[in-house]
Amino acid sequence: METHRRSSTNSVRSHKPARPIALEDDSTKASDALPLPLYLTNAVFFTLFFSAVYFLLCRWREKIRSSTPLHVVTFSEIVAILASVASFIYLLGFFGIDFVQSLVLRPSADVWATEDDEVESEVLLRNEDARHVTCGQALDRSIRSLQPPAPIVTAEKVFDEMPVTVMTEEDEEIIRSVVSGMTPSYSLESKLGDCKRAAAIRREALQRITGKSLSGLPLDGFDYESILGQCCEMPVGYVQIPVGIAGPLLLNGREYSVPMATTEGCLVASTNRGCKAIHLSGGATSVLLRDGMTRAPVVRFDTAKRAADLKLYLEDPENFETLACVFNRSSRFARLQSIKCAIAGKNLYLRFSCFTGDAMGMNMVSKGVQNVLDFLQTDFPDMDVIGISGNFCSDKKPASVNWIEGRGKSVVCEAIINGDVVRKVLKTSVESLVELNMLKNLTGSAMAGALGGFNAHASNIVTAVYIATGQDPAQNVESSHCITMMEAVNGGKDLHVSVTMPSIEVGTVGGGTRLASQSACLNLLGVKGASKESPGANSILLATIVAGAVLAGELSLMSALAAGQLVKSHMKYNRSSKDVSKVSS
């Protein structure tokens, strides 16, 4: 019989199957237990099988000739039947299974490594296991890190060119523990000390609990340590979103290639056409109007008079300097700009506005607000802090306060598009664009009761750029507040187009900007990390680029609508007969 082997846990990094590696040498063979040599045993069973079959065939022929029922058997026939069955089982086990496996699972000659390569791979595997960094130990130092032992299970086969994740017996025990509820899924990183292994175990446990496959969701090729404690909890993989480039966008005399992460066909192509029209017309100009992140806690008093007393205290210019010093201690970049209050009965809403450097700044401003609230407790001990956020900020919700007062970066971007470019590139006319903008973006949005939505599709561009550059996609809600204006200039020959966006919330440090892919997109724009020359300069530049990209997207979509090309373009670029679900990740 064949030698028992155990396969290694080498992850399959390519689409070719790896040959199992013998981790333990075992010279004992199953055939050693036989009383006769293997070739004699095989000869005996061959002879026994064919002799028994021949005897039975002869007996059945005689019964047919003598009209004797076949089910009536003698003792010799019973012995022959048992001998044939036993010998057939032996021969099938010895030859049949190995023969079928050799046909079905036989690899190509270039796949198998030499024996020397196997030994070398085994050594490299053990060395690699010894270098694991325990990224989760800092979260739970009371639990000893579990190092993955040598594998003793057979590696999974490769089907449909999908990566192979091999589990050890210890991994199987942990998976069963997670499935049964004995081990919380969120604690795997701290207990195992290996973020990738924790994600693989959590993923397998989830598949067993739900009975649903995650084969289309990639697991390999991602740095799970980079998201630990800052970007995502309990990961089981990552979603792939294609990134396209629109541009060059000529803005304030400089060219930018704008990365856009989207699954909407035609979006990048349309924005790219807008960038071309702007570039051929001399470029766009973008101006920062305001820069301040907000946070608005809600506090409550026993009476409305006491709430009014605090309001008057906070709005007194003589007290602002003291409050600013308390607030600014939260960060070396934080600078309190203003405090605006609103009363609802005995409840008071305090809207703090703060400069946050190159960070988007939500955490920074929250810490500063907490410092001020602690300071106010001395003079207003009857103040009851209901929540650090009272929705007067207002974060991730459409709100008039953001539309009027602004939140984050307030930017206006404009360009004058030459009439020839409107006709040749945008395939429409200045008059048609001006009329459509008035009836659609202004009148139509007013009829719909829009709040900050006086535009064609600003949120499309904002969201695509946000995902590509590691911003918070949920802040697309207020960041997409935009009013698009179009006007005929130079005697009606050219088109003046502008977008005014009061609440662009972006940062170039912190959060998702630290991830490798998003950091690369920021680097493409020249705004990666914090500005060393002028704090806040990179985030301001990113906000102006967002506004410029929105200007390009608005210009192109409005032109497609005016020319009646929208449906035709989407049928060409946003439809495909290819089943991408069958494409291996």
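Keep in mind the model is a prediction, meaning the values are calculated, not measured.
- Just one of L436, L561, L495, L433 meets the side-chain contact (heavy atoms from CB on, under 4.5 Å) condition when paired with T428; it is L433.
- Between Y349 and F392, the two ring planes are perpendicular [angle over 60°; tilted spans 30° to 60°].
- For T513, the side chain to side chain donor-acceptor pair (under 3.5 Å) criterion is met by no residue, not counting sequence neighbours.
- One distance of note links SG of C341 with CG of L348; it measures 5.0 Å at 0.5 Å rounding.
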Checking side-chain hydrogen bond (donor to acceptor under 3.5 Å, both in side chains) for the pair K367/S331: CA distance, chi angles, key distance, verdict? CA-CA 8 Å; K367 289 190 291 184; S331 169; over 6 Å; no
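- Atom CG of N363 is surrounded by 12 or fewer heavy atoms from other residues, nucleotides or ligands within 6.0 Å.
- Shown here are the ring pair (Phe, Tyr, Trp, His ring centres under 6.0 Å) partners of Y238, two or more places apart in sequence or in another chain: F222.
- Legend: ring pair (Phe, Tyr, Trp, His ring centres under 6.0 Å) pairs involving residues 412-441, not counting sequence neighbours: none detected.
- Partners of Y313 according to the ring pair (Phe, Tyr, Trp, His ring centres under 6.0 Å) rule, which considers only residues two or more places apart in sequence or in another chain, are F380.
- Each of D374, L373, L376 was evaluated against V385; a single residue qualifies, L373, per the side-chain contact (heavy atoms from CB on, under 4.5 Å) test.
- Note on residues 542-555: pairs passing side chain to side chain donor-acceptor pair (under 3.5 Å), not counting sequence neighbours, are T484-E554.
- Taking CG of L314 as the reference point, atom CD1 of I339 lies at 5.0 Å (rounded to 0.5 Å).
- With sequence neighbours excluded, no residue forms a side chain to side chain donor-acceptor pair (under 3.5 Å) with S503.
- Distance CG/N490 to NE2/H496: 10.5 Å, rounded to 0.5 Å.
- Identified under the ring pair (Phe, Tyr, Trp, His ring centres under 6.0 Å) test for residues 466-493, with sequence neighbours left out: W403-H481.
- S556 contributes no side-chain N or O that, together with a main-chain N or O of A552, makes up a donor-acceptor pair within less than 3.5 Å.
- Between R351 and E405, no side-chain nitrogen of the basic residue sits less than 4.0 Å from a carboxylate oxygen of the acidic one, so the salt-bridge criterion is not met.
- For residues 440-450, the pairs satisfying side chain to side chain donor-acceptor pair (under 3.5 Å) are N437-N441, with sequence neighbours left out.
- Looking only at distances, a side-chain donor or acceptor of E478 sits under 3.5 Å from a matching main-chain atom of K396.
- Take R295 and apply the salt bridge (charged side-chain N to carboxylate O under 4.0 Å, His left out) test, not counting sequence neighbours, and it matches no residue.
- Applying the side chain to side chain donor-acceptor pair (under 3.5 Å) test to R514 and every residue at least two apart in sequence or in another chain returns Q230.
- Residue-environment remark: NZ (K397) exceeds the threshold of 12 foreign heavy atoms within 6.0 Å.
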Could you list the donor-acceptor pairs under 3.5 angstrom formed between side-chain atoms of residues 275-285 and any protein atom two or more places apart in sequence or on another chain?
residue, atom, partner, partner atom, Å
H279, NE2, E255, OE2, 2.7
S281, OG, A277, O, 2.9
S281, OG, N418, N, 3.1

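- Among L350, L336, I388, T294, the single residue meeting the side-chain contact (heavy atoms from CB on, under 4.5 Å) criterion with V369 is I388.
- Enclosure of atom CD in E233 is not indicated, since only 12 or fewer non-hydrogen atoms of other residues, nucleotides or ligands lie within 6.0 angstrom.
- Salt bridge R202/E189: present, at least one basic N to carboxylate O contact under 4.0 Å.
- With rounding to the nearest 0.5 angstrom, the CD atom of Q337 is 6.5 Å from the SG atom of C354.
- Rounding to the nearest 0.5 Å gives a distance of 6.5 Å between OG of S389 and CE of M362.
- Here M501 contributes atom CE and K409 contributes atom NZ; the two are 13.5 Å apart, rounded to the nearest 0.5 Å.
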Between S531 and S534, is the side-chain hydrogen bond (donor to acceptor under 3.5 Å, both in side chains) condition met? List the steps. CA-CA 6 Å; S531 173; S534 176; 5.4 Å; no
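- The residue from L525, V506, I504 that alone fulfils the side-chain contact (heavy atoms from CB on, under 4.5 Å) condition with I545 is L525.
- Without hydrogens or angle criteria, D384 side chain to F301 main chain gives no donor-acceptor distance under 3.5 Å.
- Remark: S480 engages N476 in a side chain to side chain donor-acceptor pair (under 3.5 Å) (not counting sequence neighbours).
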